[in-house]
Amino acid sequence: MADAKLDIKAIEKKWQSYWKEHHTFEANPDQRKKFFVTFPYPYINAYQHIGHLFTLMRVEAFAKYKRLQGYNVLFPQGWHATGSPIVQAAKRVAAREPKQMKIMADMGITDEAQLKKFEEPQYWIEFFAPEYKKDYDTLGMGIDWRREFHTTSLNPRYDAFIRWQFSKLREKGYCIRGKFPVVWDPKEQVPVGDHDRIEGEGETPQEFTLLKFKLGDVYLMAATLRPETMYGQTNLWVNPSVMYRKAAVDSELWIVSQECAEKLAQQNHSVKIVGEVAGRELIGKRALAPVVEREIVILPASFCDPKKGTGIVTSVPSDAPDDWMGLVDLKNNPAELAQYGLHPSDIEGIAIIEIIDSQELGRRAAIKVCEDMGITSGRERKKLEEAKKLVYKVGFYEGTMLESCGPYAGMKVEQAKEAIKQVLLKKGKAALHYELTGRVVSRSLTECVVKIVADQWFLDYGNPEWKSFAHKCLGNLRLYPDKARQQFDYVIDWLRAWACTRESGLGTRLPWDEQWLIESLSDSTIYMAFYTISHILQSVPEEQIDDALFDYVFLKDNSAKVACGKENADAMRAEFEYWYPLDFRNSGKDLIQNHLVFFIFNHTAVFPEDKWPRGIGVNGWVTVDGQKMSKSLGNMIPARRVAADYGADASRFTILSGGEGMDDPNWDSRLALSVQGKLEQMYLFALDCNGRGRDGELAIDLWMRSELHRIIRKVTASMEETMFRSALQGIFFELTKAIRWYLRRCAGVPNKELISQVIEAQLIMLAPFTPHICEETWHALGKKGSILDASWPAYVDSLIEEKDSEGFISTVLDDIGQVLKLTKIAQPKKIMLFTSPLWKYELFGLLRQALQESHSPKDIIGRVMATKLKRHSKDAIKIVSSFIRKGNVPDTLGHEKELEALTQAKGFLEAEFSAQIEIARAEDSVEEKAKLASPGKPAMVVA
RNA sequence: GCGGGGGUGGCAGAGCCUGGUCAAAUGCGCUAGCUUGAGGGGCUAGUCCCUUAGUGGGUGCGCGCGUUCGAAUCGCGUCCCCCGCACCA
């Protein structure tokens, strides 16, 4: 075999140019069935890393597979620039902020002149889009670049498309206006996302209900997360050492903590401090509880935190462990009570009010849990936290409101909460207030607050009608893997109105309210449709692109007056009608909860049902050599490095064999290293073996053909499910193994036609994975045209043998080897093989059947003894008992076939061991060992 | 906390739905022999423990309990890991 080293880099380049010159991946509508795939356009604010490639490669491999199956495949690609990261980064570059400078330096951008350019957001797009494109090309991605585009108003054509989309959404009533609590940086005056925080990732606004307790001419405001427990209130808690504020809030006088007053001001209230009230002065007074209209006493509690809520808490001892312990503590502390002129009897006199039946926790869940957990004082904070969680969990999800709760009696707590809250608000007896679940500090080092944005635009994903369309769409599309379906359904149900506009960043302005920019997840939901026309649209003057044009093209609205000329418009409509709907879109599983579900929702809103998406794939997060990829570990692998270090084909191979389904795929650099050699080996083998061999047909040829078809069948099924790892397993490893065995069995002289078929099939099936080396081999074999235009191999079920006769020969081969090893016979002269005595085949058959009906030893042995096998009872019982224990009997070829197989393999075995082989039936031999033979396991004597 | 997905041999990863043929595919790594040969090459064999003329036995698929003649596979409980939980791309 020639040991010519292949120049991988040159081969890759060669075929990449070939594809480009031949416009291989430029897809146009024609008579064929089509397949349209997309990979979500990446956000281009940095070089991409290997993680992108895993998601991308699934699209790419699927595209090439479908192409080989005869589909007209469209795989376009665009770039995302919407939102604030690029703008922010540009600003930081302009400020030469050290941290940002480090990021730039890590990307190899240090040149002052170039940095200057990066101060301009647009330059990021100009710079990174081509870089991404280069990476994709270097890896041999089959993308139709004519349709490339980027987002935001920096691309007026896309901008027009998004404006059209939003006009449609608004027409349908899905784009609505409302208020919205956001995490807000009061210094920078911007909303602060998770990634813009120094502290407090994951903290979110939490909704408190502020209950208004009338006390003279003012309202004492108590904050609660559980308005449904209102009927169980027995007292109020204030912190005696806190100086509360009397504030004019809107048109009322409220008593709240100083901190609360400040927050209220941020949340659309007019707040004016008009006085102070010391906590201790309030104690002992009575205030009128809203709606229940009952006067309750105000008691001291140190756990009232002025930073949380209003600093005043309403007490529900039946269902709040803190409150219960607060009462217990007070009772045990007459001295403290005395300070406020109270007596322990005042506390004793407080009657617990049962309001919720918490199933196993009873009607006084808080008290029961405190007792169960042995909590004796309010100081046991940790235990109390736990108790609180437990009480809430059981009470909220399993509890029912009791008769004490008036109109809510019998209602599920889950429902009562919302109902009671609404009534309180409607009657003006409560207000809503938002507070962060924890401290959040923005990058500008400012502590963040909750702000209510008033004129916010939303996409109304909570709309039940819209939800039902989304469910319908989901129900009719294919998911790869289907496991993800539950998650999708869940998200569709759970999604509420989504704030779809922003005040700053890059993007498209809302057509009817231009102060707002459409945010990045909302301008990327139906853009796949834009790919179908983008290359044509490029030649249409901007001013001729309007809603009418899109109505004409996408909605077949013939009454729409198109400005750009009918010919162009019709061409675009034809493209859209041909390519849409989208057949496969793949992304990381993290995008299920937003992007992918938005994608479904928006399609159902804008397009008719026959244009709704047909397939969605999701995959996991990449690990590198088993470790999670992260900046801190320093194991982020830039996309471009893999192609450079390992070669495009080896990288693609490694990526797709890294994992499948929703599991996290792994990048195994050792595998990447070893793949290149294997691919070269395959190339050399193909050249060496193609057309080599004999004409006549041997038994082993049937086996090889069977294996080939079996593997094609398996691989095809895997490819259909985007199970690329399994497919690769079959195409590369299993088939290669079969070929090796085949060549070994036929002494290196295969059937000419068959071996060529095998080589060709393997090459074609491998082409979606490693297209460069496959093209190279394809052409070296003298084939014409791109391998990507070849046909995916077909399989014929009838050619696939059910029983693997070669498994038997390979067992025999192994066994002989074992015996030789154990006996330390290096070079045997003669090897005698004996097929099993016939009665054992009979016994096996009988046993197999008997075991299907019974597992009772007595029964089975009885059955055996009832036949003429009784003659062999001594040996038979041994065999029978061993198989009863194992539970089943191996399915063997049968005596005739075994003997035939051995006879046919005689020459092979002789060659393998350079020894004389004799084959006989056990019955015909006097050798003691011959008797040991059993079905599937011939006995042997070596000498 | 809520929803989803997982925990298999040195590593990666099949198997689990449809219980037995599973000491558990395949690959990587490692070991040995062969290619008559030096450095990402190929082929063959081995790679849980003990034992052995190809065998037999033990341990074993996060942990515990259970169902069953029989469980990596089914049920219950428990621990752990990953993803998402929103205005962030």
Side-chain angles (χ1 to χ4, degrees), chain A residues 1 3 5 40 42-43 45 80 82-86 180 182-183 191-196 202 204 389 392-393 396-397 453 456 458 483-484 486-488 490-491 493-496 498-502 519-522 524 588-595 620-621 623 625-626 628 646 657-666 668 670-678 680-681 684-685 725-726 728-730 732-734 737 740 744 811-812 814-825 851 854-857 882 884-891 912 929 932 937-942:
Chain A
M1 208 179 268
D3 61 349
K5 271 262 179 252
Y43 189 75
N45 64 338
H80 202 201
T82 311
S84 51
I86 286 178
F180 192 68
V182 294
V183 181
V192 178
D194 254 0
H195 303 293
D196 299 324
T204 52
K389 273 185 191 169
Y392 183 76
K393 194 175 151 189
F396 185 73
Y397 293 103
V453 177
Q456 175 68 44
F458 293 87
K483 246 185 230 178
Q486 275 195 71
Q487 181 87 351
F488 273 93
Y490 175 80
V491 174
D493 282 331
W494 158 91
L495 220 53
R496 306 195 304 268
W498 175 270
C500 63
T501 53
R502 289 293 169 285
E519 63 83 42
S520 65
L521 278 163
S522 300
S524 55
K589 62 181 170 185
D590 52 318
L591 259 43
I592 294 174
Q593 16 287 315
N594 46 49
H595 169 70
W621 276 95
T623 56
D625 293 327
K628 211 176 152 162
Y646 304 96
S657 70
E660 57 196 7
M662 287 211 285
D663 300 334
D664 293 339
N666 181 50
D668 184 345
R670 275 180 167 162
L671 176 66
L673 280 176
S674 73
V675 165
Q676 192 55 62
K678 288 183 191 303
E680 288 182 31
Q681 193 59 30
L684 296 173
F685 168 78
R725 183 182 211 277
S726 303
L728 215 36
Q729 197 75 44
F732 202 70
F733 298 109
E734 276 178 46
K737 215 177 145 183
R740 257 185 229 156
R744 195 170 162 193
T811 308
V812 171
D814 283 353
D815 287 351
I816 297 174
Q818 287 266 10
V819 172
L820 291 177
K821 204 168 150 191
L822 287 165
T823 54
K824 299 203 168 69
I825 297 173
L851 278 170
S854 163
H855 285 274
S856 145
S882 119
I884 290 174
R885 204 150 40 80
K886 284 187 180 158
N888 74 332
V889 184
D891 197 7
E912 285 285 319
K929 291 232 186 287
L932 296 174
K937 212 99 173 115
M940 70 184 72
V941 173
V942 299

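Everything numeric here is computed off the predicted structure, so don't read it as measured data. Numbered from 1 within each chain, the chains take letters A, B, ... in sequence-line order.
Remark: A:F488 engages no residue in a ring-ring contact (aromatic ring centres under 6.0 Å, His included) (not counting sequence neighbours). Residues passing the side-chain contact (heavy atoms from CB on, under 4.5 Å) test with A:Q676, sequence neighbours excluded: A:I8, A:A650, A:L679, A:E680. With sequence neighbours excluded, the residues forming a side chain to side chain donor-acceptor pair (under 3.5 Å) with A:H80 are A:T82, A:D523, listed by chain and number. Residues passing the salt bridge (Lys or Arg N to Asp or Glu O under 4.0 Å) test with A:E912, sequence neighbours excluded: A:R744.
Under 3.5 Å, the side chains of A:W494 and A:Q593 contain no donor-acceptor pair of N or O atoms.
Residue A:L521 is in base contact, counting any heavy-atom pair closer than 4.0 Å across all strands shown. Using a 4.0 Å heavy-atom criterion, one finds that A:T82 contacts the sugar-phosphate atoms exclusively. Residue-level contact check: A:L671 touches the backbone only, with heavy atoms under 4.0 Å from sugar-phosphate atoms and none from bases.
Atom NE2 in A:H80 sits roughly 14 Å away from atom P in B:rC88 (whole-Å rounding). Rounded to whole Å, the distance from CD on A:E734 to C1' on B:rG15 is 14 Å. Atom CD1 of A:I86 and atom P of B:rA89 are 10 Å apart (whole Å). Put simply, CG on A:L591 is 10 Å from P on B:rG84, counting in whole angstrom units. In this structure, the CG atom of A:N594 is 13 Å from the P atom of B:rC88, given to the nearest Å. Between A:L673 atom CG and B:rA12 atom P the separation is 18 Å, expressed in whole Å. Spacing between atom CD of A:Q676 and atom P of B:rG40 amounts to 14 Å, rounded to whole angstrom units. Rounding to whole angstrom units, CD1 of residue A:I825 and C1' of B:rG54 are separated by 12 Å.
Between the CD atom of A:Q818 and the OG1 atom of A:T811 there is a distance of 11.5 Å, given to the nearest 0.5 Å.
Residue A:S84 places at least one side-chain N or O under 4.0 Å from the OP1 or OP2 atom of B:rA89. Of the side-chain N and O atoms in A:S674, none sit less than 4.0 angstrom from OP1 or OP2 of B:rG40. A close approach under 4.0 Å does not occur between any side-chain nitrogen or oxygen of A:K678 and OP1 or OP2 of B:rG27.
Going from the C1' atom of B:rU18 to that of B:rU73 covers 10 Å, rounded to whole Å. With both ends at atom C1', the span from B:rU31 to B:rG84 equals 45 Å, rounded to whole Å. The separation of B:rC11 from B:rA25, taken at their P atoms, amounts to 15 Å, rounded to a whole angstrom. Rounded to whole Å, the C1' atom of B:rC65 lies 14 Å from the corresponding atom of B:rA71. For the P atoms, the distance from B:rC74 to B:rU8 is 16 Å, rounded to whole Å. Across the P atoms, B:rC2 and B:rG77 are found 14 Å apart, a figure rounded to whole Å. Annotation: B:rU67 and B:rC49 have their C1' atoms spaced 31 Å apart (nearest Å). For the C1' atoms, the distance linking B:rU44 with B:rC63 amounts to 42 Å, nearest Å.
A:Q486 contributes no side-chain N or O that, together with a main-chain N or O of A:K483, makes up a donor-acceptor pair within less than 3.5 Å. Of the possible polar contacts, none joining the A:Y646 side chain to the A:L671 backbone as a donor-acceptor pair under 3.5 Å is found. In terms of modelled atom types and a separation under 3.5 Å, the side chain of A:E519 and the main chain of A:G83 share no donor-acceptor contact.
Nearest to the side-chain atoms of A:K937 among the listed nucleotides B:rG84, B:rA89, B:rU55 stands B:rU55.
Across the interface with RNA chain B, nearest-nucleotide mapping of A:R725 and A:P85 shows A:R725 to be the residue nearer the 5′ end. Residue-to-nucleotide proximity on RNA chain B shows that, of A:L932 and A:T501, the 5′-proximal contact is made by A:L932.
Pairing for B:rC88 is absent, with no Watson-Crick or G-U wobble pair whose two atom distances lie under 3.5 Å. Across every strand in view, B:rC69 sits in a pair with B:rG20 that passes the Watson-Crick or G-U test at under 3.5 angstrom.
Minimum heavy-atom separation, A:S657 to A:L728: CB-CD2, 3.8 Å.
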- Which letters describe nucleotides 3-10 of chain B, given B = protein heavy atom under 4.0 Å from base, S = only from sugar-phosphate, - = neither? BSSS----
Using the 3.5 Å cut-off, write out each protein N or O paired with an N or O of nucleotides 43-53 of chain B and the distance between them.
from, atom 1, to, atom 2, distance (Å)
B:rC43, OP1, A:R740, NE, 2.9
B:rC43, OP1, A:R740, NH2, 2.8
B:rA53, N1, A:V942, N, 3.4

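Contact annotation: the side chain of A:R740 never approaches that of A:F685 to less than 4.5 Å [non-hydrogen atoms, C-beta and beyond].
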